[in-house]
2 protein chains.
Amino acid sequence: MGQRIASTATALSNDCAHCNLGKLCMPIAVSSEELEQLNDVIQQGRVFDRGDHIFYQDDAFTSCFAVKSGSIKTYTVSEDGEEQVTGFYLPGEILALDSVSMDRYTSCAVALERSSVCEIPLEKLEQLASVIPSLQHHFFQLMSQEIRGSRELAVMLSRNSAEERLASMFVALSKRNERRHLSPYQFRLPMARADLGNYLGLAVETVSRLLTRFAKQGLMDVRGREVTIHDLEGLKAVVTHQTECRHA
Amino acid sequence: MGQRIASTATALSNDCAHCNLGKLCMPIAVSSEELEQLNDVIQQGRVFDRGDHIFYQDDAFTSCFAVKSGSIKTYTVSEDGEEQVTGFYLPGEILALDSVSMDRYTSCAVALERSSVCEIPLEKLEQLASVIPSLQHHFFQLMSQEIRGSRELAVMLSRNSAEERLASMFVALSKRNERRHLSPYQFRLPMARADLGNYLGLAVETVSRLLTRFAKQGLMDVRGREVTIHDLEGLKAVVTHQTECRHA
DNA sequence: TAAAAATATTGACTTTCATGAACTATCCTT
DNA sequence: AAGGATAGTTCATGAAAGTCAATATTTTTA
């Protein structure tokens, strides 16, 4: 495990126009000529096996990456060797936007399962973006969404109890699955409990305990990696309710 | 307190070229012609008194804002009326980058003291950015930095103890003052203890107790709003050390 | 400048969750 | 299919930080 070199594209659809993600990552209205230019810039669907790294922290930054299939985990390693999980990326989501202003990647990215990933060389993208205003606009939007997302995460982590954090994580995963037109009630958990805990600032034991509690409450079930959400509204209530209860 | 309309520009320097911030917010190498275009887009230095709002959550989004002088706090209000502080902005820093992909502002912004703020209408900026590649590049950089910043904040808030969070906040404030060529050891705290606590996910009482502890340890002093940092290296050590101690 | 209001500090008590240890289940490998 | 390795769960305990309550200080207003 841990190869950096991946097999070359086996992509059935090897351009953005025919991508099965249907513009989830590049939902821009561009002419076919512009789309051709975009395809010229974006390297389609390199495949990574579980444990393969897309990039390492401190590698020279050149490109962002769009996840086409599978799932990717990003993490940093501190001086003392501690791993800190910084994000999970599902199909249609874009990696390394936080490294755009750096000359090196600020985190490692590793495939959690066999995954396919499109490469977006930033220099070329910037060139193209100044010619196609809608592409520039789209990238501003993407980055702004990313800012909002991590800001919300920060608030969530600073304010919420372990229970609320975990519930919120599953609500988010459910939403992201729905966005991909998959079931928001049943899906495979791409990451280990330890990764979840690390990401949410919780001990693995706490994650376990809470999953058991959620099951007893009839909210959701995780058997191994198979997630079943029985009561999505109930889960959402866990996320927000606590705050109200404090004042009730 | 709480006027939205601010007095008109009293700016001594009413263009970016002569701004006393010296390209802290727009550090781009542009020709004088381009600079003229930029000045055409950016509304210089509207003044807001303490308590005045620059914008409110759910107002129609039109512009980002660069802080020229003073200090701004952003916060959200939840359904149950709870206030959540989401950021503090000092001169040279840019507000509302997280709202770029929305049609409404995602937070309120209020002046913590008499402050001057430049307005950057996003639509015009995007138009200009597609003509001036270095401006586009600069905005990508700015937004990427913002992503990295809030991601780091999220990790900090999820991993670190109360003590580490507060120390880290003061180290950050010190750095931001240094960036502005002010003393990193002595400055005025722009926000109340309650705001600090709210932002860091701590009770006000905890903030107080820790400030007392830091003073006893000879690390720093806060008398009212006047901050004196006696041992910056010591403060930095507080931020990182705990992690090592856990494993030592 | 004094009174009132808003902020900040300190202390006692309680809750939450991390820690460490022990145990169980699941996944790979041969 | 057996065995080891990895991953997940459960339990007892203690430290960290929140809450409530009282007091002190600073700032604002009249």
Side-chain angles (χ1 to χ4, degrees), chain A residues 1-2 49-51 73 82-85 112-114 156-167 188-216 220-227 238 242-243 245-248, chain B residues 1-2 49-51 73 82-83 85 112-114 156-169 188-216 220-227 238 241-243 245-248:
Chain A
M1 263 212 275
D49 274 323
R50 182 152 86 91
K73 169 180 92 173
E82 283 296 290
E83 187 176 310
Q84 171 64 52
V85 176
L112 291 171
E113 60 194 304
R114 177 165 254 256
M156 208 269 285
L157 293 173
S158 79
R159 270 261 160 282
N160 294 10
S161 66
E163 189 180 33
E164 295 167 306
R165 293 187 208 180
L166 194 64
R188 200 178 156 70
L189 192 65
M191 71 294 278
R193 310 285 196 275
D195 288 334
L196 267 182
N198 186 310
Y199 179 64
L200 295 172
L202 304 174
V204 201
E205 293 91 330
T206 305
V207 174
S208 250
R209 261 190 294 268
L210 288 174
L211 288 180
T212 309
R213 191 193 299 175
F214 287 164
K216 278 182 187 159
M220 56 173 294
D221 244 295
V222 193
R223 295 202 61 75
R225 291 290 179 92
E226 283 308 316
V227 179
V238 170
Q242 200 107 332
T243 335
C245 289
R246 271 184 202 156
H247 306 280
Chain B
M1 263 216 275
D49 274 323
R50 182 153 85 91
K73 170 180 94 172
E82 284 296 290
E83 186 175 310
V85 176
L112 291 171
E113 61 194 302
R114 178 165 253 258
M156 208 267 285
L157 292 173
S158 78
R159 269 260 161 282
N160 293 11
S161 67
E163 188 178 33
E164 294 167 305
R165 294 186 206 181
L166 195 64
S168 146
M169 182 78 209
R188 199 177 156 70
L189 193 64
M191 71 295 279
R193 310 285 196 276
D195 288 333
L196 267 182
N198 186 310
Y199 179 65
L200 295 171
L202 304 174
V204 202
E205 293 92 328
T206 305
V207 174
S208 248
R209 266 188 282 266
L210 288 173
L211 287 180
T212 309
R213 192 194 297 176
F214 288 163
K216 277 181 188 160
M220 56 172 295
D221 244 293
V222 193
R223 295 202 61 75
R225 290 291 181 91
E226 284 308 317
V227 179
V238 171
H241 240 238
Q242 199 107 332
T243 333
C245 289
R246 270 185 202 152
H247 307 281

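Naming convention: chains lettered A, B, ... in sequence-line order (proteins, then strands); numbering from 1 in each chain.
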Measuring from A/Thr206:OG1 to A/Leu166:CG, what's the distance to the nearest 0.5 Å? 9.5 Å
Taking all atoms of both residues into account, what is the closest heavy-atom pair of B/Ala162 and B/Leu202, and its distance? CB-CD2, 3.6 Å
A/Asn198 CG to C/dA18 P, in whole Å, measures 12 Å
For B/Glu164 and D/dA16, what is the distance between atoms CD and P respectively, to the nearest whole Å? 11 Å
Specify the separation, in whole Å, of atom CG of B/Leu200 and atom P of D/dA17. 12 Å
Contact summary for B/Val207 and B/Gly197, nearest pair of heavy atoms: CG2-CA, 3.7 Å
Within this structure, what is the CG-to-C1' distance between B/Leu157 and D/dA17, rounded to whole angstrom? 15 Å
Provide, to the nearest angstrom, the distance between the CZ atom belonging to B/Arg159 and the P atom belonging to D/dA16. 17 Å
Taking all non-hydrogen atoms of both residues into account, name the closest pair between B/Arg50 and B/Leu112 and its distance. CD-O, 3.0 Å
Donor-acceptor pair (no angle test) under 3.5 Å: A/Glu205 side chain, C/dC17 base: no
Distances for protein N or O near nucleotides 3-8 of chain C N or O, under 3.5 Å:
{"from": "C/dA8", "atom 1": "OP1", "to": "B/Arg193", "atom 2": "N", "distance (Å)": "3.4"}
{"from": "C/dA8", "atom 1": "OP2", "to": "B/Arg193", "atom 2": "N", "distance (Å)": "3.2"}

Hey, what do you get for CG (B/Asn198) to CD (B/Glu82), rounding to the nearest 0.5 Å? 8.5 Å
Over how many whole Å does the gap from B/Leu166 atom CG to C/dT9 atom P extend? 11 Å
Counting heavy atoms from C-beta on, name the nucleotide in C/dT26, C/dA18, D/dT26 closest to the side chain of A/Ala203. C/dA18
To check you understand the geometry: which heavy-atom pair defines the closest contact between B/Val227 and B/Leu189, and what is its length? CG2-CB, 3.8 Å
Using five base pairs at each end to define the local axes, how bent is the helix from C/dT1-D/dA30 to C/dT30-D/dA1, to the nearest 10°? 50°
For the side chain of B/Thr206, counting heavy atoms from C-beta on, which of D/dG18, C/dT26, C/dT19 is nearest? D/dG18
What's the spacing between B/Lys73 NZ and B/Asp195 CG if we round to 0.5 Å? 3.5 Å
Residues from residues 209-216 of chain A lying under 4.0 Å of DNA chain D - heavy atoms: A/Arg209, A/Thr212
Applying side-chain contact (heavy atoms from CB on, under 4.5 Å), run through B/Val85 and B/Met191 and close with a yes or a no. CA-CA 11 Å; B/Val85 176; B/Met191 71 295 279; over 6 Å; no
In whole angstrom, what separates A/Asn160's CG from C/dC17's P? 10 Å
Passing candidate, side-chain contact (heavy atoms from CB on, under 4.5 Å) with B/Leu210, options B/Arg165, B/Glu163, B/Glu164, B/Glu205: B/Glu163
Non-hydrogen atoms of B/Val238 and B/Ala167 that approach each other most closely: CG1-CB, 3.7 Å
How is B/Gly197 classified with respect to the nucleic acid when contacts are heavy atoms under 4.0 Å: base, sugar-phosphate, or nothing? nothing
Do the charged groups of A/Arg225 and A/Glu113 touch, with an N to O distance under 4.0 Å? no
